[in-house]
Asks: 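Here's a structure for you.
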Amino acid sequence: MKNMLLSILLIIPIIVMSQKPSNPKATPETVNLYRNMMKLQSKGLMFGHQDALAYGESWVYEEGRSDVKDVCGDYPAVYGWELGHIELGGSYSLDSVHFHKIQNWIKLVYERGGVNTISWHLRNPLTGGTSWDVSSKEVVKSILQGGTKHEVFKGYLDKMADFLLGLKTDDGIYIPILFRPFHEHTGSWFWWGKNLCAIDDYKALWRFTVDYLQNEKNIHHLIYTYSTDRFKTEEEYLERYPGDDIIDILGFDLYDRGPDYPEALKNCAATVSKLAKEKGKIATISESGGPIATNHVWWTMVLETIRPYDLSYFLVWRNPWQPAGHGAFAPFKGSPCSADFVKFYDDKKTLFQKEVTMEKLYE
Ligand code: BMA
């Protein structure tokens, strides 16, 4: 018994040390972040918020402010940033946030030990429309090698690469990023969605993108995040999975749009955390949001539903400062769910900025 315990104690650190992100050339800070996130997912759940430092309910660009901090006194641990429109070469995103500001916030978050993740609602390279332009089923095919829009797509990736290569500290260290393109592809509302492209073409899109960023652009500070929308089975989750050799984090997006949410959340969380364990990867709920204006115990419901599972983080979408077709997904000063959110914050399971700073995720 004693011997068994001893060998388990010796094996665990070896397993953790051997875990690396898929890119063999990943920078030391990226490897450390990956390893530390892997360890941390069995200890606690990091809380994330999209555009947390950029704006919130009735404010924009106020230095040091965050709606989450206004409510619980601490910043989120994970910060989501949206790079839609970077491909157009302009100075601000589709959500009207200046790219140079996003770069500065990403640096600030890194310096205080938080985690940055990037999503990309890139425009439709075939039609010139938005991400939501699903008028053609030829878009993905057209941007793959040999397609008529391949060069256009490479131009988009070049712009993304310029942004990513600008994410450097004053000492020249590249800031690790959880990179999450082509998300929610089990739905069909983006041009890369399930009914808009063949399975192999979706996988090829991922594989080309990763190869181009790593081998043409020499970018080695990304942790690649695969993120479906709602799904029912393991088979469905993995149907379009591009491969263990290029994916590091298994995620899913799931919004609360009705009474089936807790059950769906539980099922998706259980499946993804199980698959991540089997594959030696990190599991996450990469995007969520619920009716927090009317359900004042939403945070407790979420936490109790996912408590049994090892998940790295739970990120809620933005609190728009301009009309957006949806309201705030995180609490804000005086919001009806604030008291419940403070309970969520106080729970030992949840991790915010101060706690992750102490974890030294990049060392
Ligand atoms: C959606 C909405 C849009 C936004 C897009 C990209 O869910 O929030 O208003 O433009 O995400 O951030």
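Counting convention: from 1, in listed order, for ligands and their atoms alike.
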Asks: Taking the ring centre of each residue, are F352 and Y345 less than 6.0 Å apart?
Replies: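 Aromatic pair counts; centres sit under 6.0 Å.
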Asks: I'd like the atom pairs linking ligand 1 to the protein - N or O on both sides, separation under 3.5 Å - with distances to 0.1 Å.
Replies:
residue, atom, partner, partner atom, Å
ligand 1, 7 (O), W317, NE1, 3.1
ligand 1, 8 (O), W317, NE1, 3.1
ligand 1, 8 (O), R318, NE, 2.8
ligand 1, 8 (O), H326, NE2, 2.6
ligand 1, 9 (O), R318, NH2, 2.8
ligand 1, 10 (O), D95, OD1, 2.5
ligand 1, 11 (O), W317, NE1, 3.1
ligand 1, 12 (O), D95, OD2, 2.5

Asks: Hydrogens and angles aside, do D244 and Y241 bring a side-chain donor and acceptor to less than 3.5 Å of each other?
Replies: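 Indeed, the side chains of D244 and Y241 share at least one donor-acceptor pair under 3.5 Å.
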Asks: Would you check, one step at a time, whether the test salt bridge (Lys or Arg N to Asp or Glu O under 4.0 Å) holds for K154 with E151?
Replies: CA-CA 5 Å; K154 281 209 303 203; E151 292 305 316; 3.5 Å; yes
Asks: Please determine if R112 forms a cation-pi arrangement with Y75, meaning its NZ or CZ atom is less than 6.0 Å from the six-membered ring centre and no more than 45° off the ring axis.
Replies: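 The answer is yes, since R112 meets both limits relative to Y75.
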Asks: What are the two closest non-hydrogen atoms of I292 and H296, and how far apart are they?
Replies: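 Here I292 and H296 meet closest at O-CD2, 3.8 Å.
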Asks: Throw together a table of side-chain donor-acceptor distances under 3.5 angstrom for residues 52-59, partners on residues two or more places apart or in other chains.
Replies:
residue, atom, partner, partner atom, Å
Y55, OH, D51, OD2, 2.5
Y55, OH, R318, NH1, 2.8
W59, NE1, D67, OD1, 2.7

